[in-house]
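Data first, discussion second: the structure below is written as structure tokens.
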Amino acid sequence: MTVSVVIPLYNEEENVEILNERLTETLKSMGSDYEIVYVDDGSTDRTMPLLEELQKKDDNIVVLCLRRNFGQTAAFAAGFDFARGDVVVTMDGDLQNDPKDIPRLLELIGEYDLVSGWRKKRQDTFITRRMPSIIANWLISKVTGVGLHDYGCSLKAYRREVVKNLKLYGEMHRFIPAVASWYGVKIAEIETTHHPRLRGKSKYGISRTIRVLLDLVTVKFLQSFSTKPIQFFGPLGVFFGLAGLGVSVYLTAAKIFQGIDIGGRPLLLLGALLIIVGIQFIGMGLLGEMIVRVYHESQKKPIYTMKKILGPGR
Ligand code: UDP
Ligand code: MG
């Protein structure tokens, strides 16, 4: 089993060297082949020169240097694309995760496809970090149906196939377990150590919560409707359309049979509106169907995932 450790770094000059030292020590002690993939996410401090120095001295180190700061998700994606190990481990570059937990994650990887860390004793401030995260984890678990205590923990281990087939957007890296689980991936969660950030500054504040929630909406939408948009918009369209039709028929009957003047009635407006909205929804569903087909076919993206194929020549 070969291991790739992917670490995104954005202005972590004070951490790089100690991180590399501790991580290398752990990985060497495990005895399997490994590589460390450092992704410099457009740092403006000395992170990149320091990484270059480390790489010169150690062939187990790969350094990917992004042209500008693309964000943690993009940095992970770059690392995944270039990682060569059978197992890919991700962690933060600020030493808040502990490299010593890696062997415990890997022990479970035989049995599971994804092992996620859980920062049970999380060393961050309560109001701005831990509390929003408790709520977010609860919400994400409920909405996606994949129950984890700590979606935000970067320390995770994946079997290669899991990350090689992923397309990540926005701030999506925290949703990998949810997305992967819909593909049929087996997931475990274990408690991991968490340290306070001793050097350098955190790159995030409370505003991240809002971005995470918006991504959750996208993820949920993609999960439920990406292969069948008409099933989502269609019923809504039919419901509104029929309601509008009912109202209109009632008004028409009142006009014809009772001679009531319906021109100024608010109900007329409602009826017309409902019919238009109904047609719009169905139209949206159909447009969605076209977009989904383009999406899947342009990427040759199958609508299933396969575990094994048996048979001659396979
Ligand atoms: N990071 C990154 N690009 C960014 C922001 C952060 O690569 O745009 C890296 C950062 O260097 C660190 C990890 O992502 O290695 C986690 O960031 P941070 O410690 O600031 O997040 P927190 O632990 O406060 O949630
Ligand atoms: Mg941190």
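For ligands, and for the atoms within them, numbers begin at 1 and follow the listed sequence. In what follows, every heavy atom counts, from backbone to side chain, and hydrogens, waters and symmetry copies are set aside.
The count of protein N, O or S atoms under 2.8 Å from the Mg ion (ligand 2) stands at 2, with waters excluded from the count.
Under 4.0 Å is where a charged nitrogen must lie from a carboxylate oxygen, and between E12 and R197 at least one such pair does. Of the charged side-chain nitrogens involved, none lies within less than 4.0 Å of a carboxylate oxygen, so that R22 and E25 do not count as a salt-bridged pair. Ionic pairing of E289 and R293 is present here: one or more N-O contacts between side-chain nitrogen and carboxylate oxygen are shorter than 4.0 angstrom. Comment: R130 does not engage D124 in a salt bridge, judged by the lack of any side-chain N to carboxylate O separation of less than 4.0 angstrom.
In terms of protein heavy-atom proximity, atom 24 (O) of ligand 1 is closest to S202 OG, 2.6 Å. Shortest contact from atom 23 (O) of ligand 1 to any protein heavy atom: Q96 OE1, 2.9 Å. In terms of protein heavy-atom proximity, atom 17 (O) of ligand 1 is closest to Y204 CE1, 3.8 Å. Protein heavy atom at the shortest distance from atom 19 (O) of ligand 1 is D94 OD2, 2.5 Å. In terms of protein heavy atoms, atom 1 (N) of ligand 1 is closest to Y10 CB, 3.8 Å.
Heavy atoms of other residues, nucleotides or ligands lying less than 6.0 angstrom from NZ of K100 number 12 at most. The 12-atom threshold is exceeded at CD1 of I206, counting heavy atoms of other residues, nucleotides or ligands nearer than 6.0 Å. No more than 12 heavy atoms of other residues, nucleotides or ligands shown are found within 6.0 angstrom of CZ on R84. Applying the 6.0 Å contact sphere to CZ of R211 captures more than 12 heavy atoms from other residues, nucleotides or ligands. Crowding of Y169 atom OH: a count of heavy atoms from other residues, nucleotides or ligands under 6.0 Å exceeding 12. With a 6.0 Å radius and a threshold of 12 heavy atoms from other residues, nucleotides or ligands, F82 has its CZ atom at or below the threshold.
Paired with M91 under the rule side chain to side chain contact (heavy atoms under 4.5 Å, CB included), one option of I102, T192, L105 passes, and it is I102. Considering D40, D41, T44 as possible partners of N69, the one that fulfils the side-chain hydrogen bond (donor to acceptor under 3.5 Å, both in side chains) test is D41.
Side-chain polar atoms of S4 and E35 form a donor-acceptor pair below 3.5 angstrom.
Within ligand 1, the atoms closer than 4.0 Å to a non-hydrogen atom of R129 are 22 (P), 24 (O), 25 (O), numbered from 1 in the order shown. Heavy-atom proximity to L9, at under 4.0 Å, picks out these atoms of ligand 1: 7 (O), 11 (O). If you number the atoms of ligand 1 from 1 as listed, the ones under 4.0 Å from a heavy atom of E12 come out as 10 (C), 11 (O), 12 (C), 15 (O). Close contacts between ligand 1 and R197 involve ligand atoms 18 (P), 19 (O), 20 (O) [criterion: under 4.0 Å to a heavy atom]. Residue-ligand proximity, K203 to ligand 1, at heavy-atom distances under 4.0 Å covers atoms 5 (C), 6 (C), 20 (O).
When only interatomic distances are considered, the shortest N/O to N/O separation between P8 and ligand 1 falls below 3.5 Å. Any N or O atom pair closer than 3.5 Å counts here, and R122 shares no such pair with ligand 1.
Across T128, N69, D92, N97, heavy-atom proximity to atom 16 (C) of ligand 1 is greatest for D92. The residue among G205, G152, G93 with a heavy atom at the shortest distance from atom 15 (O) of ligand 1 is G93. Here atom 3 (N) of ligand 1 lies nearest to D41 when heavy atoms of T125, T90, D41 are compared.
In this structure the side chain of Y34 never reaches within 4.5 angstrom of the side chain of V5, judged on heavy atoms.
Under 4.0 Å from ligand 1, the heavy atoms of R208 that appear belong solely to its side chain.
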